[in-house]
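This report concerns only the one structure given below.
Basis for what follows: all heavy atoms, side chains included, without hydrogens, waters or symmetry-related copies.
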Protein chains: 2
Amino acid sequence: MQKQETLTKNQKIILDLIEKSDQPLKAYSILFDVKKKGINAPLQVYRALNKLVKIGKIHKIESRNAFIACKNSKCQIANATIFSICESCEDVTEIHDHKLSEHLRDFKDNKGMKYNKYNLEFFGLCKKCV
Amino acid sequence: MQKQETLTKNQKIILDLIEKSDQPLKAYSILFDVKKKGINAPLQVYRALNKLVKIGKIHKIESRNAFIACKNSKCQIANATIFSICESCEDVTEIHDHKLSEHLRDFKDNKGMKYNKYNLEFFGLCKKCV
DNA sequence: TTAAATATGTTATATTATTACATAGCGTTA
DNA sequence: TAACGCTATGTAATAATATAACATATTTAA
Ligand SMILES: [Zn+2]
Ligand SMILES: [Zn+2]
Ligand SMILES: [Zn+2]
Ligand SMILES: [Zn+2]
């Protein structure tokens, strides 16, 4: 299982931090928080983030340039993500909807594209913000 | 029809440029190109881009920080976008798939979110790059 | 045990986007 | 007309996001 890959020191530090937050964190806010642990430079953060994204431990919220932990232990698929984003309070939730995922996985365009990944972001207002 | 809204000088210059390209353009590449037309500062570009996005004339490709013209005259919906992106040649195509759009439009989560927008990006390899 | 691949640390720099402030134009309406 | 609200403009400065380049260390695998 790819997700149990052993992580390096920096990767662990940064994953820990992201997993403790239920909301997306930005790279430079992560950098600020891990300086006390000896991570000093943006590149150290970005390298860890890129790796963690690649192995599916975290996802990037593209519209927000922020990173959130994947809470779904069953989700092997680092490359098929659906998020719900409240445009008022900025609350982000990962969506796991079997039917929708299936629909997206099975999607074929008419140009012969060979897909291996997708990212879907829904925007709106959450219950609290309506 | 919102799309026929009259545009200002800067907005027209920048929309023209984007419409002439069949591929997404980046803000600072746009800035470079429109300097000869008297647009000198990033903010002038970003202001026009934001407006054009808002009225649906162009879309932002979030994963690429780039902007592409909406070619679909029938598409009133500036806030429901689907793109296909080749990760090798970076070719981007807007997808208009009725069934998929319907599915996304009708999607309801179980948290009571009220959606008003979505953006979906498919990644893979195009015919030429496979 | 050597070579390849991966990770680290550090500095500098590139790229993307916004803040802040001053000014101008345009449509409404008092 | 005059005053107001709204939108757009121009300009300078700066913030926020991300990568290049280089030297070194560590892990993995042949
Ligand atoms: Zn996930
Ligand atoms: Zn909310
Ligand atoms: Zn469109
Ligand atoms: Zn291609």
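Terminal axes of the helix from C:dT1-D:dA30 to C:dA30-D:dT1 (five pairs each, C1' rotation axis) are separated by 30°, to the nearest 10°.
With sequence neighbours excluded, no residue forms a ring-ring contact (aromatic ring centres under 6.0 Å, His included) with B:F123. Every residue two or more places apart in sequence or in another chain that forms a side chain to side chain contact (heavy atoms under 4.5 Å, CB included) with A:D97 is listed here: A:I95, A:K99, A:L100, B:F107.
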Base-contact (B) and sugar-phosphate-only (S) positions in nucleotides 18-24 of chain D, heavy-atom cut-off under 4.0 Å, - elsewhere: BBBB---

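In this structure, CD of A:Q44 is placed 10 Å from P of C:dT11, rounded to the nearest angstrom. One interatomic measurement links the two molecules: NZ of A:K26 to C1' of C:dA17, which rounds to 10 Å at whole-angstrom precision.
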Between the protein and nucleotides 28-30 of chain D, which nitrogen or oxygen pairs are less than 3.5 angstrom apart?
none

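Note that OH of B:Y118 and CD1 of B:I82 are 4.5 Å apart. Values are rounded to the nearest 0.5 Å. Here the straight-line distance linking atom CG of B:L125 with atom NZ of A:K114 works out to 9.5 Å at 0.5 Å rounding.
The closest donor-acceptor contact from the side chain of A:N79 to the backbone of A:N116 lies under 3.5 Å.
Cluster membership for A:Y46 and A:I39, using ILVMFWY side-chain heavy atoms within less than 4.5 angstrom, is shared.
Minimum interatomic distance between B:S63 and B:E121 (heavy atoms only, all atoms of both residues): OG-OE1, 2.6 Å. Of all heavy-atom pairs between B:A69 and B:E19, the closest is CB-CG, 3.7 Å.
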Show me the donor-acceptor pairs, under 3.5 Å and distance only, between side chains in residues 22-32 of chain B and residues at least two apart or in other chains.
unit_1 : atom_1 : unit_2 : atom_2 : d
B:Q23  : OE1    : B:V92  : N      : 2.7
B:Q23  : NE2    : B:D91  : OD1    : 3.1
B:Q23  : NE2    : B:V92  : O      : 3.3
B:K26  : NZ     : B:R64  : O      : 3.1

